[in-house]
Each structure stands twice: as C-alpha cells, then as structure tokens.
Protein chains: 2
Amino acid sequence: MVEVKPVEIVVDSREASSRIGEALSALPGVSVQTAELSSGDYLVAPGVAVERKEALDLIASILDRRLFEQVGKMLGEHDRAIVLVEGDPYKTGRDVAVEAIDGALAWLACLSGVHVMYSPSLAVTPRLLWRMAVQLRHGLGYEIPLRGNKPKQPWAQAQFIVEGLPGVGPTTARALVAHFGSARAVLCASEEDLRAVKGVGPKTAASIVQALVSGI
Amino acid sequence: MVEVKPVEIVVDSREASSRIGEALSALPGVSVQTAELSSGDYLVAPGVAVERKEALDLIASILDRRLFEQVGKMLGEHDRAIVLVEGDPYKTGRDVAVEAIDGALAWLACLSGVHVMYSPSLAVTPRLLWRMAVQLRHGLGYEIPLRGNKPKQPWAQAQFIVEGLPGVGPTTARALVAHFGSARAVLCASEEDLRAVKGVGPKTAASIVQALVSGI
DNA sequence: ACTTCCGATCCTTGA
DNA sequence: TCAAGGATCGGAAGT
C-alpha cells in the first residue's frame, strides 16, 4: 500500500473548472480549493504562487509588456512566485523576434526574482503542480543520500568508512587502516598519531579531527 | 547604429572548445575567458554560475544522484546558480519514470535554491547565455540579489562519515549523530550504546561494530 | 527524482 | 513480563 500524502492546492476561480482543475482533483490526496486570486493562477503552498503561462500567452504578454507587470504583482503579493511555462515559446507560430523571447526568458531566470518551471504540455502541468505542492508540504520523501553504494564485504568496509574522512582517498585509507589496525582505531586516533601516517599531513589531520568532533 | 554592450563570459576549460564556446565568441561584444571552474560550466557574470544540462544528461544525473551533488556544490561556491536545461527531458527515450522527472524539476524550481532556465536546443543556448550576461551586466540597474550561501555545514560532514557504516542510511545517520553528539562519539560507541538509538537494532549494531573493529 | 519490494524494527495485544 | 502478531520504518535496487 502506498502512502498518500495530502496536499491542498488553491485554484483561482477563473481556472477552477478548467481541465487542470479537474485533473488536480483526480490526483491522490489532493484537495482543491477555489479562491479569487488577485495574482497567479494557483497556490501550491501557502505563500507560493504559480502563474501558468501557455507559450502563446507568454509571447503575447511579452509583446504587450503585461508579463513584467504580472510578475511584479505576484512577487508583491506572495512569498514566492513561480512562472510555469507550458510548451515551447520558440514554436508558437507567432511572428515575434527570437531576441524578444531570449530576453524575456533570461530576465525571468536572472532578474525578475521569480522561479521558472517548464511543462511540455497541458497534460503534464497538473502533475507538476501536484509534485511541487507535495514537496513543499512534506519535503522530499526521504533524505538525499550523501554517498553512493557501500560495499558488503566486511574487509572492504573498514576502508570504505575511513574513505569518508575529508582528504582521504583510497590510498590513504588503506594506509590508515594498515597503520592503526582497524577503522575504529583510526577514528579514535589523535591528530598527532594521524600525522604519523604517510599521506596525512598537518592539514588533513586537522580536518579529519575537525570532522570527527563536530556534532550536529 | 546599434549599441554593442560588452560582456565577459567565463567558460569552463572543458567546454571552451565546444560549439557553444565558439558561438559565444562570435556574438557581438562578447569576450570569452577560459578558466577551470570547479562547479558550473559558465560564469555569466561575476558570482553567477550556469550549469548546462542537456536533457539526456539531466536524466542520467538524476538517476545517479549526481545532480544534487552538483547543485549543492554550485550553490556553495557561487552567489547564484542557474541550471540551463537543454531540450525536453520528457523526450529523451531513456526508460525512466516520469514521476522522477516531475520530481526533479519540481525540486529544482522549488526547493533546490537554484534558478532554472530552458533552452529548446543547442543552437539557442549561446544566445541565452549571452542574453543573461548582458542583462546582468547592463540590466536596468538592478542589483543581483545575493543569497547567503554557507560553505558545507560541519554537521553534514559528520553525517557523511557515519553514513559509511553498514545498515546506516541518511535517517539513521542523523539519529546517531544527534544521539552521540559527534561522529567520533558514534564510532567509539559500544554495541550496547548503539542499540539505544532509534533505528538501530541488535543486528545493525553488531555489523557496525564488526566493521569498525575489523582490520584489512 | 520516484516506486516497489524486502527485511528489520518497533509497538500493541493478550495471555 | 513476555511472545506473537501486525504496523511501521529504513535500505536496496530498479525505472
């Protein structure tokens, strides 16, 4: 049985009965609320607004400068603003200078202060809104593991553990384990003792001890 | 007469001779510098790094977790980080769950702290880099908002070391470091003490000690 | 990134 | 108090 993570998404009243509103309701654990949003189309978390810009609409709002106004308004009214570009703005068929599109996208990414997200199509948009909502509400379902796969053979484990130390690669790890006899002995060693090992200088020794004694 | 706005763009040495490097040099007013960047592919302004991710490469780096590592590194080393996604990640032909792509894009936009930009193709990428550079250098008198980026937190290092232990993943690693106060304390703990931590039973505790005391 | 699956852990029950 | 059962959580592997 898969866990369903409940999320609330607020949909602007003008969009509520759209295909996206329906698709959102159909996703597991989503409760769709409707409200009149003065800026943005969706609230994907409290204070996080999303403005959906279908490619053609994006071009239009670049040309008539509505985009900048809308973005400014969103930023003023919410903690975080995201522009969700749906479709390829370079392939709308509208007769518009590519420089204008380049400029608008660059501005959005660098200067505007909003975040930008891309959806290839209307079909994907609801999933992305949902995923954002889940992540913002529940965080990632797990921690991002800090290191890759670990060995299963016990003899390799000692070396692998020691390799986690800063400045220590495979060669030094082997030297350390050989010198001290076990991983535990390495990890309990003093800075002085560590320096005695070939490949470990004052700098590495210091950072090892530093890493080991630092707590949360 | 068209005004040419001079900009400098730093290209990582590995990318310098690529088609993009050449295309950048050909753009008006662009002076391309080369440097070895430890993270990111381009510096589009001082302190503003751009990582180019071709769609297929994006998928690959999601699967092997490289993406998160790279993003973290960029955020730590620059004032501002931008991921430039080139192409449609949903159409790479790679056999990957769409949920994973949704999740990664949502994470990039909402949680990661980077900004995201989309380029439809390799041909457009240089133009977008250039446009960003121009806007950041000459753009409208805006200051680049600096988000404070601390270097890697020390507690992360402790957790990293502890994660090397058998049977210990991100969650348990955090519990262990929290319980014992430091990585060293965890590694010097007795089997008994280890068992007291939530998530560590007799079996895990035994294999941890086993790994620590075993030599090479 | 997500999902599925499996095993270990933990928690409640009831004797 | 303990054992047994099921619910829960974490890890590993695959997409």
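To find a chain, count down the sequence lines: A is the first, B the second, and so on, and within it residues start at 1.
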For B:Val168, which contact category applies under a 4.0 Å heavy-atom criterion: base, sugar-phosphate, or nothing?
sugar-phosphate
For atom CG of B:Leu108 and atom C1' of C:dA1, their distance in whole Å:
10 Å
Is the closest side-chain donor-acceptor distance between A:Ser31 and A:Gln33 under 3.5 Å?
yes
The complete set of salt bridge (Lys or Arg N to Asp or Glu O under 4.0 Å) pairs with one or both residues in residues 93-110 of chain B, sequence neighbours excluded, reads A:Arg127-B:Asp102
Spacing between B:Tyr90 atom OH and D:dT15 atom C1', to the nearest angstrom
15 Å
Just to verify, what does B:Ala109 make a side chain to side chain contact (heavy atoms under 4.5 Å, CB included) with, not counting sequence neighbours?
A:Met117
Residue pairs meeting salt bridge (Lys or Arg N to Asp or Glu O under 4.0 Å), one or both in residues 70-93 of chain A, sequence neighbours left out, come to A:Arg52-A:Glu86, A:Asp88-A:Lys91
Give the B/S/- string for nucleotides 2-12 of chain C, one per nucleotide from 5' to 3', where a protein heavy atom under 4.0 Å of the base yields B, of only the sugar-phosphate yields S, and otherwise -.
BSS---SSSS-
Please verify the inter-ring angle class for A:Phe68 with A:Trp107; under 30° counts as parallel, over 60° as perpendicular, anything in between as tilted.
perpendicular
Atom-to-atom span, CG of B:Asp95 to C1' of D:dA13 - whole angstrom
14 Å
Would you please name every residue forming a side-chain hydrogen bond (donor to acceptor under 3.5 Å, both in side chains) with A:Arg19, sequence neighbours left out?
none
Whole-Å distance separating the CG atom of A:Leu136 from the P atom of C:dA1:
14 Å
Tell me: CG of B:Leu165 to C1' of D:dA12, nearest whole Å?
17 Å
Whole-Å distance between C:dA1 P and B:Arg66 CZ?
14 Å
What contact category does B:Leu63 fall into here, base, sugar-phosphate, or nothing, at under 4.0 angstrom with non-hydrogen atoms?
base
Any B:Thr172 side-chain N or O less than 4.0 Å from OP1/OP2 of D:dG11:
yes
Given atom CZ of B:Arg94 and atom C1' of D:dG14, what is their separation to the nearest angstrom?
12 Å
Calculate the interatomic distance between A:Lys5 atom NZ and D:dT8 atom P; express it in whole Å.
15 Å
Salt bridge (charged side-chain N to carboxylate O under 4.0 Å, His left out) partners for A:Asp12, two or more places apart
A:Arg14
